[in-house]
**Q** 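Got a structure here, written out as structure tokens. Questions coming.
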Number of protein chains: 2
Amino acid sequence: MKKEPVSLKDIAKQLNVSISTVSRALRNKGEINPETRKGIIELAKKLKFRPNPLATGLLNKKTSTIGIVIPEIENYFYSTILRGMDSVASLSGYRLIVSYTNDNQTNEILAIQELMLSRVDGIIACPSSELYDFTHYYDIIDNNIPLVIFEREPEEIPTYKVVTDNIKSSIEVTEHLISKRCRRIAFITNLEPLAAGRLRYEGYKMALKKHNIPLDHELIIHGNMNISTSVEATINLLKKKPLPDAIIGNNDMVAMVAMKIAKEKGFRIPQDIAVAGFADEPFSSFLEPSLTSVGQPAYLIGMKSLEIMLQMINGDIPINEDKKIVLESALVIRDSTKR
Amino acid sequence: MKKEPVSLKDIAKQLNVSISTVSRALRNKGEINPETRKGIIELAKKLKFRPNPLATGLLNKKTSTIGIVIPEIENYFYSTILRGMDSVASLSGYRLIVSYTNDNQTNEILAIQELMLSRVDGIIACPSSELYDFTHYYDIIDNNIPLVIFEREPEEIPTYKVVTDNIKSSIEVTEHLISKRCRRIAFITNLEPLAAGRLRYEGYKMALKKHNIPLDHELIIHGNMNISTSVEATINLLKKKPLPDAIIGNNDMVAMVAMKIAKEKGFRIPQDIAVAGFADEPFSSFLEPSLTSVGQPAYLIGMKSLEIMLQMINGDIPINEDKKIVLESALVIRDSTKR
DNA sequence: TTGAAAGCGTTACCAG
DNA sequence: CTGGTAACGCTTTCAA
């Protein structure tokens, strides 16, 4: 049914030359009669010939395809990372195959298996935060397939990682709140082993310690960062005595929910409770009050991950190095913490 | 460098049988000695053999890959569509290659060329709204490559289209505002030839006409729907005399911007000006006031497009039919229009 | 029941 | 300068 694309054979037949001659002419390799070459190139252009990637791939064992394993896509942070990756990939003639894990390990294992069966040239993955089993990553490494990890920092996986300065930026936002005379700072976060939230929690603790503010475990709420758990978390926080005077959400969605619930309960923001988030979503400056947030270099994470991957594939850097690239975040102060 | 995956040849060698025997055993085709078969299957499982998709693809001229052409991805609406597509594709053993056009025709043409060169089995595209040249689509059709269009409805491209009931839902939101005694309803929208905004504008006009409200062209602002143009559009609207008493934004981002600007200028929402949007983004219920919006069946658009594509590929439906699948939207009424 | 061979489209190598 | 051939990994057809 599908009309067949032109092949070298077609061109060879029409011009009464051999397939190898056509191949050579088109890739300008080896000696060749300029006349013959010109004719071949012309016909090829006319027929819109382009080598079948399946055939070349079969030959040099390359698919020109990179597998991406990412938790979600309906999320500005991750979709921006993806676009950063795509921008580099498409410029270099690579295609991306994207798998979504929902931050769930079972999906992740399946995704990686599928990608390896698809014979991708490399895998760039964000391991799910609950990760406790690393065999599927060792599988990638054992097969000498280039692997780049992004956003999460599993020490158990010895390879390149592209991450952000979670601890530092968390210290920064916490100190910002402290400078605004907040003393009971609550933190709604994801404390799963590999979650960025866990590192941010470390930063938070360091900031408190530095300023001699006692850590109150009551103010730390572990959640999986969806809307309903965030609602619940906030309601619980607002029952604590004494009340928290600030809430940090592990992302802007959580912070947004916290603000809404607090306002509904009659608290003024930021006067009664200051609120801050992470990731600086486009909507954050439009909330009421506008939301203070730690901006993440999402696009850059994507670009950088893909650049490293390409270097690995091209053999410019070894594929078995355990190295961490840390990109900088930037605190964006808005009305939700101005008091 | 990369460790070679096991091939039929490897298995054949180890078991001292021919490649064809192994192939037959594994796919349970043709007569074969149950003993031999068992041995082969066992070894294959142990070695984690899986056929090289490049080789099979070369043989049956299939890549098991579907190309997606989509305007953006950092946008809940489009990323949800994409996930809908992915959910169906991954269940059917298809991979998706996604290209982003930024709603720009030049990018779109390049994307489609690239996809065709990659030999995708089918293309699902959202043509850019400014589209005036359709040759690249005719190119797809001429090559007998299955094509599905989504979200936009170009009459010039005779193929399956998966769209939403833009006119109807626009009538609905406009009538909703009219029922709230709004008479000067402004519309910030994208009027490019293929934009959904154009159809929504039609619906808007029909609703006004039905209720004998004169159309005031001053209240229609054409924009490309980014934040800065929306800011400008709103500022202009708020200078009109008499003032608009409602603003419809062509998406929730626009409506969000309009609300913010109007509030900053001292207008009360919805009392002075009611506001509504399209697409019902997750943040919309968290705005102040919560935003009335037309919910779009994004996930369904994605699923449906891919289902149709698979049917085309499988030959269950002809690939040259000009048919439109219309999915229903649902108006979500919130505080921004409750007056 | 099994094996050999052709072919998918391409490239690389070796003769001529 | 050009053509033939082998090879990539797989499926299918034809013989044995």
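Computed from heavy atoms alone, side chains included, the values below leave out hydrogens, waters and symmetry copies. Convention: sequence-line order gives letters A, B, ...; per-chain numbering from 1. Keep in mind that what you see is a predicted model, and the values were worked out from it rather than measured.
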**Q** So does Ser7(B) get a side-chain nitrogen or oxygen closer than 4.0 Å to the phosphate oxygens (OP1/OP2) of dC8(D)?
**A** no
**Q** Please confirm whether the backbone N or O of Val88(B) pairs with a side-chain atom of Ser92(B), one donor and one acceptor, at under 3.5 Å?
**A** yes
**Q** Rounded to the nearest Å, what distance is computed from the CD1 atom of residue Ile32(B) to the C1' atom of nucleotide dT11(D)?
**A** 14 Å
**Q** Nearest whole angstrom, please: distance from the C1' of dA7(D) to the CG of Leu54(B).
**A** 14 Å
**Q** Rounded to the nearest Å, what distance is computed from the NZ atom of residue Lys9(A) to the C1' atom of nucleotide dG3(D)?
**A** 16 Å
**Q** For the pair made of CG in Leu58(A) and P in dA7(D), what is the distance, rounded to whole Å?
**A** 14 Å
**Q** About how many Å separate CZ of Phe150(B) and CG of Leu306(B), when rounded to the nearest 0.5 Å?
**A** 10.5 Å
**Q** To the nearest 10 degrees, how far apart in direction are the end axes of the helix from dT1(C)-dA16(D) to dG16(C)-dC1(D), each fit to five base pairs?
**A** 60°
**Q** At less than 3.5 Å, do the side-chain atoms of Ser18(A) and the base atoms of dG4(D) form a donor-acceptor pair?
**A** no
**Q** Just by distance, do the side chain of Glu108(A) and the backbone of Ser128(A) share a donor-acceptor pair under 3.5 Å?
**A** yes
**Q** More than 12 non-hydrogen atoms from neighbouring residues, nucleotides or ligands closer than 6.0 Å to NZ on Lys161(B), yes or no?
**A** yes
**Q** From C-beta outward on Lys61(A), which listed nucleotide comes closest to its side chain: dT12(D), dG9(D), dT2(D)?
**A** dG9(D)
**Q** Salt bridge check, Lys61(B) against Glu4(A): does any charged N sit closer than 4.0 Å to a carboxylate O?
**A** yes
**Q** Could you tell me the separation between the CD1 atom of Ile157(B) and the CZ atom of Arg152(B), rounded to the nearest 0.5 Å?
**A** 11.5 Å
**Q** Within the distance-only criterion (no hydrogens, no angle test), does the side chain of Thr159(A) pair as donor or acceptor with the backbone N or O of Leu147(A) below 3.5 angstrom?
**A** yes
**Q** Please report the shortest heavy-atom distance between Glu72(B) and Tyr100(B), naming the atom on each side.
**A** C-CD2, 4.3 Å
**Q** Of Arg50(A) and Ser20(B), whose closest DNA chain C nucleotide lies nearer the 5' terminus?
**A** Ser20(B)
**Q** Rounded to the nearest Å, what distance is computed from the CG atom of residue Asp10(B) to the P atom of nucleotide dC8(D)?
**A** 10 Å
**Q** Identify whether any heavy atom of Ile19(A) sits under 4.0 Å from a base atom; if not, whether one sits that close to sugar-phosphate; answer base, sugar-phosphate or nothing.
**A** base
**Q** Measure from CG on Leu8(B) to P on dC10(D) and round the result to the nearest Å.
**A** 4 Å
**Q** Looking for any heavy atom pair under 4.0 Å, which part of the strands does Pro34(A) touch: base, sugar-phosphate only, or nothing?
**A** sugar-phosphate
**Q** What are the two closest non-hydrogen atoms of Glu153(B) and Thr164(B), and how far apart are they?
**A** OE2-O, 4.0 Å
**Q** Round to the nearest Å and state the distance from Asn60(B) atom CG to dC10(D) atom P.
**A** 13 Å
**Q** Which nucleotide span of DNA chain C, 5' end to 3' end, has atoms closer than 4.0 Å to non-hydrogen atoms of chain B?
**A** dT1(C) to dG9(C)
**Q** Calculate the interatomic distance between Leu26(B) atom CG and dT11(D) atom P; express it in whole Å.
**A** 8 Å
**Q** Between Glu35(B) and Lys38(B), does at least one N-O distance fall below 4.0 Å, as a salt bridge requires?
**A** no
**Q** When you measure only distances, ignoring hydrogens and angles, does the side chain of Arg24(A) come within 3.5 Å of the base of dG3(D) through a donor and an acceptor?
**A** yes
